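Every chain is numbered from 1, with letters handed out A, B, ... down the list of sequences. Every heavy atom of this structure was used, including side-chain atoms; hydrogens, water molecules and symmetry mates were not. Predicted model, so just to flag it, every value in this text is computed and none were measured.
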2 protein chains.
Amino acid sequence: MAKLQKSAHADDAPLEYGTDVAPDGASIDQGLLQDFMGMYLRRAYEVAYEDFRRRLGKDAMQPGYFTILTLIVRNPRISQTQIGAASARDKSSVTKALRAMEDAGLIQRLRSGSDRRIHLSVATEEGIAMQKQMEIKAADHVKALHDAIGPDRYEAFLTTMKDMIRTLEETAVAKDAKL
Amino acid sequence: MAKLQKSAHADDAPLEYGTDVAPDGASIDQGLLQDFMGMYLRRAYEVAYEDFRRRLGKDAMQPGYFTILTLIVRNPRISQTQIGAASARDKSSVTKALRAMEDAGLIQRLRSGSDRRIHLSVATEEGIAMQKQMEIKAADHVKALHDAIGPDRYEAFLTTMKDMIRTLEETAVAKDAKL
DNA sequence: TATTGTTATACTCTATAACTATA
DNA sequence: TATAGTTATAGAGTATAACAATA
């Protein structure tokens with residue numbers, strides 16, 4: 001490869017270098033990226049998130065809160081530790097989400113009478129209504145995914161993904177234990 | 001449902017409320033969340049990202065930069081617009097990534113002789129070495145995914161995911177066009 | 001001592017918008 | 001006018017660590 005001078009971006013302009021042009025978009029060599037699942041997992045998450053967010057519109061909570069609100073509606077008096085475990089989020093993240101939902105009047109938090117460390121969450125009427133409304137949008141979203149994937153492949157895809165998550169979670173735990 | 005007073009978190013302590021306890025982790029009712037793919041797509045991305053990051057260790061670039069570095073190694077003199085298109089990232093995100101890689105001595109940026117607006121990227125020897133090293137870790141990572149998913153399901157899973165991404169991207173474009 | 005939750009803080013990844021320069 | 005890239009800024013979403021209250 002030809003020798004190149006370093007371009008110190010803070011000071012110099014990039015160095016000129018011949019007249020070749022890079023290949024256009026259609027002919028980019030992605031090499032092993034073509035099958036690099038990490039990239040597709042990221043992208044799949046992104047496009048699905050975007051789809052759900054667009055369907056929810058601006059009158060609903062953000063997509064990420066749907067999970068927590070649904071957990072609370074379906075499990076009145078759920079604790080924050082339980083919410084964290086069920087949604088794979090740190091307790092500090094749960095606190096922040098619950099704070100926002102409480103401020104929005106969607107939930108209320110109580111203390112357990114039997115163990116005063118525990119904060120229980122229940123949905124308000126507004127929270128229940130919001131959850132129902134979001135669930136309708138979620139159903140549309142799931143239908144879009146269903147159509148995109150194809151009915152014949154949907155179940156297998158979901159099952160495979162769950163298996164993958166479980167296995168990698170176990171691997172991670174095993175590795176952490178070795179440290 | 002019983003009447004509950006609002007707890008203004010900034011001032012009051014949460015209200016006490018009886019002695020019931022929420023169900024324990026094993027018995028959480030996830031309702032439709034059980035099949036809410038959005039949650040699994042997020043989680044799948046997270047666990048895969050974590051796995052790759054752990055395999056890369058701290059001597060490599062972060063997982064997200066592997067894609068860009070690989071694109072540059074395999075497509076010398078690729079432009080930033082092309083990198084953005086191939087990695088589904090905004091040009092400002094690409095600039096930031098390239099800046100970091102240039103500072104780390106992994107790439108150099110040049111200007112096209114034929115169109116001086118275009119900045120071309122090429123990998124340095126160090127960049128090529130880094131990419132090779134990361135590619136080895138990426139192969140380990142892919143193998144872990146392969147094992148987690150099962151060889152018989154791997155290809156179908158990847159294909160389905162690509163189809164899903166493409167379809168949802170098209171849907172998004174179509175919706176944007178309607179605005 | 002261990003657990004539940006809160007808070008302050010910070011990190012990662014990313015995009016938007018206004019800009020410069022080039023075409 | 002349009003395009004390539006830069007910069008300043010912001011914002012989502014999340015976690016870490018130190019902490020108070022309670023067990």
Side-chain angles (χ1 to χ4, degrees), chain A residues 7 9-14 16 21-22 24-25 38-39 42-43 45-47 49-50 52-53 56 58 61-68 77-85 87-100 102 109-121, chain B residues 7 9-14 16 21-22 24-25 38-39 42-43 45-47 49-50 52-53 56 58 61-68 77-85 87-100 102 109-121:
Chain A
S7 84
H9 53 74
D11 314 304
D12 312 73
E16 307 227 5
V21 289
D24 69 16
M39 213 181 107
R42 187 199 70 186
R43 199 64 197 125
Y45 162 66
E46 286 176 348
V47 297
Y49 184 93
E50 242 333 281
F52 189 29
R53 200 186 57 66
L56 285 175
K58 53 187 188 299
M61 298 244 83
Q62 58 226 87
Y65 288 5
F66 174 61
T67 300
I68 293 181
R77 308 178 64 70
I78 189 172
S79 78
Q80 301 190 189
T81 298
Q82 290 172 325
I83 291 170
S87 60
R89 290 291 156 250
D90 185 82
K91 59 200 161 86
S92 65
S93 301
V94 173
T95 295
K96 198 178 174 189
L98 296 185
R99 165 70 49 86
E102 191 175 36
R109 283 186 285 173
L110 326 162
R111 277 196 154 177
S112 165
S114 54
D115 183 341
R116 291 180 48 76
R117 293 173 302 181
I118 297 175
H119 290 205
L120 310 172
S121 291
Chain B
S7 84
H9 54 72
D11 314 305
D12 311 72
E16 308 230 3
V21 288
D24 69 17
M39 213 182 108
R42 187 199 69 184
R43 197 66 196 126
Y45 162 68
E46 285 176 349
V47 296
Y49 184 93
E50 242 333 280
F52 190 29
R53 199 186 58 66
L56 285 174
K58 52 185 186 299
M61 299 244 82
Q62 57 225 85
Y65 287 5
F66 173 62
T67 300
I68 293 180
R77 308 177 65 70
I78 189 172
S79 77
Q80 300 189 191
T81 299
Q82 291 172 325
I83 292 171
S87 60
R89 289 290 156 253
D90 184 82
K91 58 202 163 90
S92 65
S93 301
V94 173
T95 295
K96 199 177 174 190
L98 295 184
R99 165 70 49 87
E102 190 177 34
R109 283 187 285 174
L110 325 162
R111 277 193 156 180
S112 166
S114 53
D115 183 342
R116 292 178 48 76
R117 292 173 303 183
I118 297 176
H119 290 205
L120 310 171
S121 292

Does any part of the side chain of [Y], heavy atoms only, come nearer than 4.5 Å to the side chain of [X], both counted from C-beta?
| X | Y | value |
| --- | --- | --- |
| B/R111 | B/I118 | no |
| A/I78 | A/L120 | no |
| B/H119 | B/L110 | no |
| B/E102 | B/R109 | yes |

Check every strand shown and say whether B/T81 touches a base, only sugar-phosphate, or nothing at a heavy-atom separation below 4.0 Å.
sugar-phosphate
Counting the atoms with a prime plus P, OP1 and OP2 as sugar-phosphate, which does B/R42 contact under 4.0 Å by heavy atoms, base, sugar-phosphate, or nothing?
sugar-phosphate
Return the value, rounded to whole Å, for the distance between atom [atom1] of [X] and atom [atom2] of [N].
| X | N | atom1 | atom2 | result |
| --- | --- | --- | --- | --- |
| A/R109 | C/dG5 | CZ | P | 10 Å |
| B/K58 | C/dC11 | NZ | C1' | 18 Å |
| B/D90 | D/dT7 | CG | P | 15 Å |
| B/R43 | D/dT14 | CZ | P | 10 Å |
| A/F52 | D/dA12 | CZ | P | 17 Å |
| B/E46 | D/dA12 | CD | P | 18 Å |
| A/I83 | C/dG5 | CD1 | C1' | 12 Å |
| B/L120 | D/dA4 | CG | P | 12 Å |

Tell whether A/K96 reaches the base of D/dT14 with its side chain through a donor-acceptor pair below 3.5 angstrom.
yes
I'd like to check the salt bridge (Lys or Arg N to Asp or Glu O under 4.0 Å) partners of A/D90; sequence neighbours left out, ordered by chain and number.
none
Go through C/dT16, C/dG5, C/dA18 for me and flag the one nearest to the A/K91 side chain.
C/dG5
With sequence neighbours left out, the residues meeting ring pair (Phe, Tyr, Trp, His ring centres under 6.0 Å) with A/Y45 are A/Y49, B/Y45
Atom pairs, protein N/O to nucleotides 21-23 of chain C N/O, distance under 3.5 Å:
from	atom 1	to	atom 2	distance (Å)
C/dT22	OP1	B/R111	NH1	3.4
C/dT22	OP1	B/R111	NH2	3.3
C/dA23	OP1	B/R116	N	2.9

Does [X] have a side-chain nitrogen or oxygen under 4.0 Å from the phosphate oxygens OP1 or OP2 of [N]?
| X | N | answer |
| --- | --- | --- |
| A/R99 | C/dT6 | no |
| B/S92 | C/dA15 | no |
| A/Q80 | C/dT3 | no |
| A/T95 | C/dT6 | yes |
| A/H119 | D/dA21 | no |
| B/R89 | D/dG5 | no |

Reading DNA chain D from 5' onward, which residue's closest nucleotide shows up sooner: B/S93 or A/Y65?
B/S93
Between A/L98 and B/Y45, whichever has its closest DNA chain C nucleotide further toward 5' is A/L98
Any donor-acceptor pair under 3.5 Å linking the side-chain atoms of A/S79 with those of A/T81?
no
Under the side-chain contact (heavy atoms from CB on, under 4.5 Å) test, residues paired with A/E46 that sit two or more places apart:
A/R42, A/R43, B/R89
